[in-house]
Number of protein chains: 2
Amino acid sequence: MEARHLRYAVALAEHAHFGRAATALGIAQPPLSKQIAALEREVGARLFDRTRRGVFPTAAGAAFLVRARAALAEIGAASVDAARAARGESGRLRLGFIASALLDPLPGVLRRFSRERPGVRLELHEMASSRSSAALAGGELDVAVTLGRPRGIGAERLVSVPVGHDHLVAVVGSGHPYAGLRSVAVAQLLHQPLILASGEDEPAVAAGLRDLLGEGSPALASATVARDVHTVIGLAACGVGVGLGPSRMLAAPRPGTWFCEVTPRTPLPDLVLSFSPEDRSPVLDAFLDVVRANCPVVGAALDRRLGPRSEAAG
Amino acid sequence: MEARHLRYAVALAEHAHFGRAATALGIAQPPLSKQIAALEREVGARLFDRTRRGVFPTAAGAAFLVRARAALAEIGAASVDAARAARGESGRLRLGFIASALLDPLPGVLRRFSRERPGVRLELHEMASSRSSAALAGGELDVAVTLGRPRGIGAERLVSVPVGHDHLVAVVGSGHPYAGLRSVAVAQLLHQPLILASGEDEPAVAAGLRDLLGEGSPALASATVARDVHTVIGLAACGVGVGLGPSRMLAAPRPGTWFCEVTPRTPLPDLVLSFSPEDRSPVLDAFLDVVRANCPVVGAALDRRLGPRSEAAG
DNA sequence: GGCGCGCGATACCCCCTGGGTATCGTCGGC
DNA sequence: GCCGACGATACCCAGGGGGTATCGCGCGCC
């Protein structure tokens with residue numbers, strides 16, 4: 001049985017007349033008679049009663065038509081759904097990211113992406129950079145934002161572009177003596193209670209501080225350790241001490257906090273956007289477009305890695 | 001787009017290999033490649049990624065396949081449902097009947113029919129005979145059991161067969177003086193409180209009694225009137241008086257009641273089964289089969305009206 | 001590193017079948 | 001009783017679905 005048979009049966013039921021149904025289908029009446037006869041032969045039951053007053057479905061025909069209409073609706077939806085998916089207007093995007101990425105590149109990108117692609121389900125997974133890399137290589141994520149380039153098995157197959165440069169900055173509550181300062185020197189941190197994110201989540205901050213303050217520094221040893229940079233800012237705002245984190249923090253100002261540069265300027269690893277070029281999908285391309293639009297420097301780097309924009313532009 | 005394209009796409013997704021999918025479909029590989037290419041052209045999107053390790057659906061392909069499988073399931077169900085309906089194994093039967101028919105022919109018929117055709121929904125409508133006839137002629141019922149042959153517009157197009165002959169009998173409670181009698185004479189009814197069904201529902205009983213007792217008989221004038229014959233029996237069982245109704249009542253004995261013949265024997269109109277021969281359906285045929293099997297006399301009458309059994313015997 | 005092989009795409013051909021025209025059978029209605 | 005409407009049938013044609021042969025291209029294996 002072919003979709004043609006369903007279309008013909010539905011048209012015949014709607015017009016209750018072979019000639020008019022055939023005209024509506026764009027064919028002549030005899031082929032329609034033949035196809036309906038063939039359909040009835042295949043089903044093994046008469047589907048239409050040919051009376052003088054019109055052509056009406058039998059009980060079997062009525063049962064058939066219910067399914068036929070449903071099948072035709074599914075067939076139509078198949079094309080539509082596939083085309084939508086091909087244009088990246090539906091589907092899902094699984095994004096792994098380190099918590100601090102929520103400070104700077106992600107808010108704008110996610111807001112814009114979900115506005116431009118309301119049909120795409122965003123699955124956001126906050127996780128450590130190492131887990132993001134592994135999940136990306138294993139196909140469990142579509143795109144990841146990590147600290148530094150991904151390493152580990154499969155990482156060499158990933159495309160990675162830096163999303164921006166970072167250096168170490170300090171954050172204090174408004175009532176803190178350092179509030180209002182443009183910058184603080186490393187020496188000013190030595191006898192302050194320090195707050196920084198834990199090793200796994202933001203390992204670079206702790207490493208940078210070790211470089212600045214010395215390996216066994218008491219200030220570092222007694223530092224308050226938070227799970228992620230958001231908590232660091234929150235604790236600093238409460239006056240617990242001097243928070244230390246990536247300069248990305250400046251992009252998300254929060255009332256009651258004050259940010260100062262740390263001198264000497266201490267670079268931190270870049271935030272990096274990665275994905276598997278083999279698993280590119282229209283949704284991923286759409287996401288990359290949004291990233292391009294939000295951070296022009298990323299666009300140039302992407303073009304260098306993928307060629308000047310895919311032809312599947314929506 | 002034809003069902004063939006859906007079948008091919010599903011097979012290709014299942015085998016992840018053009019050659020094996022083609023073999024499973026019973027065709028060669030090149031036609032499958034062509035059909036998939038044509039499908040992708042029509043949808044306007046690549047549906048499968050051809051990699052060295054196999055053929056996998058793209059995001060668009062995955063969306064397409066969901067709909068394709070659903071459509072194919074509907075198409076398969078269309079045939080099955082139609083065949084079932086053609087065999088009278090599904091659908092509905094709308095039966096109109098007079099209340100007293102529940103005493104005799106209907107219990108056995110309905111029990112047997114619902115056992116033989118569990119997929120058919122029985123719609124039972126108790127109504128006066130005149131309404132049944134009109135509903136049958138108007139296409140609102142498939143079959144009706146009425147008192148006497150249907151009359152009124154459209155009734156001449158109906159096929160009607162008597163389901164059995166009836167005459168007037170009396171029913172009393174076990175404690176009644178008549179309990180235990182084989183028969184009662186008309187004279188014995190003259191000074192008894194009588195119970196009979198109301199005019200609309202069982203008009204023949206009242207008419208028969210008028211013939212027996214005389215037009216202005218005080219016994220008739222003071223008779224208790226119930227809506228239907230079931231109530232008559234119930235009231236008689238309570239000792240309210242002598243119930244009068246069709247001999248069909250004998251078929252549904254009820255504890256605490258006693259039935260006696262009324263002499264002289266007074267025939268009542270037959271219970272008649274009617275349907276529209278133009279609207280015959282497999283379900284109706286199946287119902288008529290059950291009626292035949294339950295009441296052999298009806299079978300002969302039906303055969304006389306319709307020919308010796310339809311060829312669509314299930 | 002070259003050859004072989006597995007796989008999908010392409011080229012080309014055939015014939016099946018879907019659709020066309022012409023016509024018939026039949027049943028109502030005027 | 002004739003005509004007209006409608007579905008079925010007969011017959012023909014051509015488009016396309018499916019066949020075989022072959023190519024292009026990686027990958028893997030000596």
Side-chain angles (χ1 to χ4, degrees), chain A residues 1-58 60-61 64-65 68 72 75 156-157 277-278, chain B residues 1-58 60-61 64-65 68 72 75 154 156-157 277-279:
Chain A
M1 189 183 315
E2 287 299 329
R4 182 186 49 257
H5 296 119
L6 311 184
R7 282 188 273 266
Y8 288 8
V10 168
L12 181 55
E14 278 174 1
H15 291 89
H17 187 285
F18 273 79
R20 284 192 287 277
T23 304
L25 289 166
I27 64 173
Q29 170 259 319
L32 178 58
S33 286
K34 269 205 302 186
Q35 292 296 323
I36 295 292
L39 174 61
E40 289 178 327
R41 201 175 330 118
E42 175 169 355
V43 170
R46 181 141 276 233
L47 299 179
F48 291 94
D49 269 335
R50 287 80 157 167
T51 76
R52 304 116 201 96
R53 285 184 311 288
V55 179
F56 305 105
T58 62
F64 182 88
L65 285 165
L72 291 174
I75 290 175
E156 69 284 354
R157 315 188 137 218
E278 299 164 11
Chain B
M1 189 182 315
E2 287 299 329
R4 176 174 12 92
H5 296 117
L6 311 185
R7 281 188 273 267
Y8 288 8
V10 168
L12 181 55
E14 277 175 1
H15 292 89
H17 186 286
F18 273 79
R20 283 192 289 277
T23 303
L25 289 165
I27 63 172
Q29 170 260 318
L32 177 59
S33 286
K34 267 204 304 189
Q35 292 296 322
I36 295 292
L39 174 61
E40 290 178 328
R41 201 175 330 117
E42 176 169 356
V43 170
R46 181 141 275 234
L47 298 180
F48 292 95
D49 269 336
R50 287 83 156 163
T51 75
R52 306 121 200 91
R53 284 182 314 286
V55 179
F56 304 105
T58 62
F64 182 88
L65 285 166
L72 290 174
I75 290 175
E156 70 285 354
R157 315 189 139 217
E278 300 165 9
D279 296 341

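Note that these values count all heavy atoms, side chains included, but never hydrogens, waters or copies made by symmetry.
Side-chain N/O atoms of Ser33(A) include none lying less than 4.0 angstrom from OP1 or OP2 on dG7(D). For His17(B) and dG6(C), the shortest distance from a side-chain N or O to OP1 or OP2 is not below 4.0 Å. Between Arg50(B) and the phosphate of dC7(C), there is no side-chain N or O to OP1/OP2 separation shorter than 4.0 Å. A sub-4.0 Å separation between OP1 or OP2 of dG18(C) and a side-chain N or O of Gln35(A) is present. At the phosphate of dG6(C), neither OP1 nor OP2 sits under 4.0 Å from any side-chain N or O atom of Arg52(B).
Counting to the nearest Å, the P atom of dG17(D) and the CD atom of Glu2(A) are 10 Å from each other. Separating the CZ atom of Arg53(A) from the P atom of dA5(D) is a distance of 19 Å, rounded to the nearest angstrom. To the nearest angstrom, P of dG8(C) lies 13 Å from CD of Glu40(B). We find that CZ of Arg41(A) is positioned 12 Å from P of dA8(D), with the value rounded to whole Å. Here dT9(D) presents its C1' atom at 13 Å from CZ of Phe18(A), a figure rounded to the nearest Å. A straight line from CZ of Phe48(B) to P of dC7(C) spans 17 Å, rounded to a whole angstrom. In this structure, Arg7(A) atom CZ and dG18(C) atom C1' are separated by 14 Å, rounded to whole Å.
Of the candidates dC7(C), dG8(C), dC6(D), the closest approach to any side-chain atom of Arg20(B) belongs to dC7(C). Checking dA11(C), dG7(D), dG18(D) against every side-chain atom of Pro30(B), the shortest atom distance belongs to dA11(C). Taking the side chain of Ile27(B) as heavy atoms from C-beta on, and the options dT21(C), dG18(D), dG19(C), the nearest nucleotide is dG18(D).
In this structure, Gly26(B) reaches the sugar-phosphate backbone alone: every heavy-atom distance under 4.0 Å involves primed, P, OP1 or OP2 atoms, never a base. Counting any heavy atom pair closer than 4.0 Å across all strands shown, Tyr8(A) reaches sugar-phosphate atoms only and no base atom.
Between the side chain of Gln29(A) and the main chain of Ala22(A), no donor-acceptor pair closer than 3.5 Å is present. In this structure, the side chain of Glu42(A) engages the main chain of Met1(A) through a donor-acceptor pair within 3.5 Å.
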